[in-house]
Visitor: 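I'd like to ask some things about the structure below.
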Number of protein chains: 2
Amino acid sequence: MHNGYPIAFIERATGISRETLRIWERRYGFPAPARDAQGDRIYSQGDMDRLRRIKRLMDQGHRPGKLVPLGVKALARLEVPARTEMPEVAEGLEDFLTLLRRPGAEGARDWLRRRMAREPLASVTTGLLEPLTRAVGDAWAAGRLCVHEEHLYSEMMSRLLRGAIDALPPGTGPTILLTTLSEERHGLSLLMVEALLRAEDARCINLGVDTPIPEILLAVERHGARVLALSFSRAFPRRRIGPQLTALREQLPAGCQIWAGGGGMAHCKPLPGIQVCHELPDATALLAAMGATEVG
Amino acid sequence: MHNGYPIAFIERATGISRETLRIWERRYGFPAPARDAQGDRIYSQGDMDRLRRIKRLMDQGHRPGKLVPLGVKALARLEVPARTEMPEVAEGLEDFLTLLRRPGAEGARDWLRRRMAREPLASVTTGLLEPLTRAVGDAWAAGRLCVHEEHLYSEMMSRLLRGAIDALPPGTGPTILLTTLSEERHGLSLLMVEALLRAEDARCINLGVDTPIPEILLAVERHGARVLALSFSRAFPRRRIGPQLTALREQLPAGCQIWAGGGGMAHCKPLPGIQVCHELPDATALLAAMGATEVG
DNA sequence: GTGCACGACTGTCCAGGACAAACACAGCAA
DNA sequence: TTGCTGTGTTTGTCCTGGACAGTCGTGCAC
């Protein structure tokens, strides 16, 4: 439609850089976009769909050389089916999505509010909000949810979480600095970790997303943080995780722990001096371990 | 330091694309970075400072051809001194920054909370939060504030605003959809507009930042929005504002108004069918005008 | 099975050329 | 003076094709 998309649009929509797009074309013959009168690349809707699938699979650990030559069908066969490990969430998901799609979406917000009022923050976060967010992300990735619906969900959820966190009394435990590295713009899991830790009486300082490493070092020093908690989404370039964490570890004082979590850490090798949170509750466990060490 | 920065780092740190950096070097002879053993560009700290000044002045409407050949001193002379139009804010600013710099920064949050509790949301937003945010932005641009301090401020402010907005009863007036276009990631002013409009009983749906145009169209239709409110920061590429707004205007139903505001709209020509909010209270006026039209 | 070396893979960088859209400005008409 | 229009300049983005370093996987020797 619209006669197709220019390369800059594809770069933004897929997260694959222009240079990579051009070199794939040169090396693998895909994508092979049409050209406009001036010789500029014009990608089709089909190109974009296929590229998005490829990117998604790359985020899960596949290598481009294997994926790019594959057709849409072969790609679809590789896709991991959405996790159904949380049956209660899975069955509630469709109802929730229906509420979210209503004009105004107030029903979805009210439903979440009621659920959050009914249970302690920590348990509702691990038991409902985190699996729900993952399910919404999967639905979006599978094309069952529009971008604007996902945006609305994110905004709604981050509002509710921040409200719930601010309603807690200020923490008195160890100070924990939360943020993401440069180019990582997914902050929801950061908020969920903060909710868990604040519920355990930690003192949390959330810098939001996209903080460069030198600034993180300054902030840790400024606030006397005992822990630096970082979140990596699946879309974060994997090759950069190791080096960046190592650089941080070298430059941070030994008295400051580093906790790393999020989907991007799933396929990551263990690194010296870095605690990995594969699941959300791991953060609570790490905090408890800190307290135990201190007492002992 | 660290032997200098590669081009990808400079691109992120200054917001100037690689291609532009290279073409400036070719055309104007600046920046003229050193090269590493492999021939890759290595920019100095001085290059980065000068490029940031240039970018800042470009965001204010200057053209590159005039700026790039200038030295740091000449650039500094061009800089508009920080606005002092709000003397009460200006004098309070230093105290606030001192609070913000304390470990934990709880003093800053408590101060803001007290001020917000003392006054109605609308007046505290226009009278304090907006000028304060602008002052913080200026302080950051002038290098008087670290990135991590600015991040903490943004997170704190957006938390307080969202909390205050959620505390209001749900609106019953016209539905207003708030968001920013793709690549625009500054959402604070969106929250401030939402606060003002919700205080006037509008029904607000905030999609957050970075929503592509087709998705905006879908969302307007879905929620039956009467108004689409967009915010553009000064860093938003100016050349794109006009075409994007025009495209939206053409594709949106005539019954849906478009309001555009933020620092990026300052130097923008008037466009047919687009209401420009130069100041925050303009949004309130536009809402009032809507009500009047309806009644009349 | 374990470790190492080699080779393939992959993204990012380089140079230099081209063009269209935006802009500034001069010249002219009202 | 004001407003418009045409022309030349400015500016960012796109193009091609080449090169290289770091990562990853494979296969061989032990």
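Everything numeric in this text was worked out from a predicted model, so none of it was measured. In the text below, chain A, chain B and the rest are named by the order of the sequence lines, each starting its count at 1.
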Visitor: Tabulate protein N/O versus nucleotide N/O from nucleotides 1-8 of chain C, keeping only pairs under 3.5 Å, one per line.
Guide:
none

Visitor: Relative to each other, are the rings of A/Phe232 and A/Phe236 parallel, tilted or perpendicular (30° and 60° limits)?
Guide: perpendicular
Visitor: About how many Å separate CG of B/Leu271 and CD1 of B/Ile258, when rounded to the nearest 0.5 Å?
Guide: 9.5 Å
Visitor: For C/dT10 and A/Tyr28 - does any side-chain N or O of the residue sit under 4.0 Å from the phosphate oxygens OP1/OP2?
Guide: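 Checking A/Tyr28 against C/dT10: at least one side-chain N or O falls below 4.0 Å of OP1 or OP2.
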Visitor: When you measure from the side chain of A/Arg26, which nucleotide among D/dA19, D/dG17, D/dT13 comes out closest?
Guide: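 Between D/dA19, D/dG17, D/dT13, the one nearest the side chain of A/Arg26 would be D/dG17.
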Visitor: Under 4.0 angstrom, heavy atoms only, what part of the nucleic acid is A/Ile23 near: base, sugar-phosphate, or nothing?
Guide: base
Visitor: Starting from the 5' end of DNA chain D, give me the residue, A/Lys66 or B/Gly65, whose nearest nucleotide shows up first.
Guide: B/Gly65
Visitor: Using whole Å, report how far CZ of A/Arg239 lies from P of C/dT12.
Guide: 7 Å
Visitor: Classify the side chain of A/Arg22 versus the base of D/dG17 as yes if they form a donor-acceptor pair under 3.5 Å and no if they do not.
Guide: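 Side chain to base: no pair below 3.5 Å.
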Visitor: Supply the atom-to-atom distance A/Thr179 OG1 to A/Leu190 CG, rounded to the nearest 0.5 angstrom.
Guide: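 If I round to the nearest 0.5 Å, the distance is 6.5 Å.
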Visitor: Do B/His186 and B/Glu184 have a side chain donor and acceptor closer than 3.5 Å?
Guide: yes
Visitor: Whole-Å distance between C/dC14 P and B/Glu11 CD?
Guide: 11 Å
Visitor: Counting side-chain heavy atoms from C-beta on, which of C/dC14, D/dC20, D/dG12 comes nearest to A/Glu19?
Guide: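 Among the listed nucleotides, the one closest to the side chain of A/Glu19 is C/dC14.
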Visitor: In whole angstrom, give the distance that lies between atom NE2 of B/His62 and atom P of C/dC23.
Guide: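 From B/His62 NE2 to C/dC23 P: 15 Å.
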Visitor: In whole angstrom, give the distance that lies between atom CD of B/Glu25 and atom P of C/dG17.
Guide: 15 Å
Visitor: For B/Ser17 and B/Glu11, which I'm curious about, is there any donor-acceptor pair between the side chains at under 3.5 Å?
Guide: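 Result is no, nothing qualifies.
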Visitor: Scan side-chain atoms only and decide if A/Ser189 and A/Ser231 contain a donor-acceptor pair under the 3.5 Å cut-off.
Guide: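 A donor-acceptor contact under 3.5 Å links the two side chains.
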Visitor: Using whole Å, report how far CD1 of B/Ile7 lies from P of D/dA21.
Guide: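 It works out to 18 Å between those atoms.
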Visitor: Measure from CZ on A/Arg240 to C1' on C/dT10 and round the result to the nearest Å.
Guide: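 Rounded to whole Å, this separation is 13 Å.
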Visitor: Could you tell me the separation between the CD atom of A/Glu183 and the OG atom of A/Ser233, rounded to the nearest 0.5 Å?
Guide: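 That separation rounds to 11.0 Å.
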Visitor: I need the CH2-P distance between B/Trp24 and D/dT13, as an integer number of Å.
Guide: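 In whole Å, D/dT13 P and B/Trp24 CH2 are 11 Å from each other.
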Visitor: Of the nucleotides D/dG12, C/dT12, C/dA22, which one has an atom closest to the side chain of B/Met58?
Guide: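 Out of D/dG12, C/dT12, C/dA22, the nucleotide with an atom closest to B/Met58's side chain is D/dG12.
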Visitor: Near DNA chain D, which residues from residues 31-44 of chain B have a heavy atom under 4.0 Å away?
Guide: B/Gln38
Visitor: Using whole Å, report how far CZ of B/Arg238 lies from P of C/dC23.
Guide: 8 Å
Visitor: Cut-off 3.5 Å, no hydrogens considered: what does the side-chain donor-acceptor table look like for residues 51-58 of chain B, sequence neighbours left out?
Guide:
from, atom 1, to, atom 2, distance (Å)
B/Arg53, NH1, B/Glu79, OE2, 3.2
B/Lys55, NZ, B/Asp59, OD1, 3.4
B/Arg56, NE, B/Ala141, O, 3.4
B/Arg56, NH1, B/Glu79, OE1, 3.3
B/Arg56, NH1, B/Glu79, OE2, 3.3
B/Arg56, NH1, B/Ala141, O, 3.0
B/Arg56, NH2, B/Ala141, O, 3.0

Visitor: Regarding B/His62 and B/Gln60, is there a side-chain donor-to-acceptor distance under 3.5 Å anywhere?
Guide: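 Side chains of B/His62 and B/Gln60: no pair found under 3.5 Å.
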